[in-house]
S.K.: 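One structure follows; several queries about it will come next.
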Amino acid sequence: MAKTATFAVVHFSVAFTVGYALTGSILVGSALALIEPAINTVAFYFHELGWQKFEAHKATLAEAFANRV
């Protein structure tokens, strides 16, 4: 859990720093540091769904080729 917590701190820090560096606004940097990880979490969920479908499809193809011989 400590590794996850420290990664979250790094993630928020990077998001804030990039937002602040690009805009010079503490408000924009702070908003970016809060919003980007939330959106990334949702994106990761859909990314995982896509990979599950890909793996299932890959297994189905492998089985079809194995039974073809």
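Numbers here are sequence positions counted from 1.
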S.K.: Starting from Val18, walk the hydrophobic network (Ile, Leu, Val, Met, Phe, Trp, Tyr; side-chain heavy atoms closer than 4.5 Å) and list everyone else you reach, by chain and number.
M.R.: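 Members besides Val18, by chain and number: Val10, Val14, Leu22.
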S.K.: Could you go through residues 38-50 and list every donor-acceptor pair under 3.5 Å that involves a side-chain atom there, pairing it with any protein atom two or more places apart or in another chain?
M.R.:
from  : atom 1 : to    : atom 2 : distance (Å)
Asn40 : ND2    : Glu36 : OE2    : 2.8
Thr41 : OG1    : Pro37 : O      : 2.8
His47 : NE2    : Trp51 : NE1    : 3.1

S.K.: For Glu55, which residues count as a salt bridge (charged side-chain N to carboxylate O under 4.0 Å, His left out) partner, sequence neighbours excluded?
M.R.: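 Listed in chain order: Lys58.
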S.K.: Please tabulate, for side-chain N and O atoms in residues 25-35, each donor-acceptor pair with protein atoms closer than 3.5 Å (sequence neighbours left out).
M.R.:
from  : atom 1 : to    : atom 2 : distance (Å)
Ser25 : OG     : Leu27 : N      : 3.3
Ser25 : OG     : Val28 : N      : 3.1
Ser30 : OG     : Ile26 : O      : 2.8

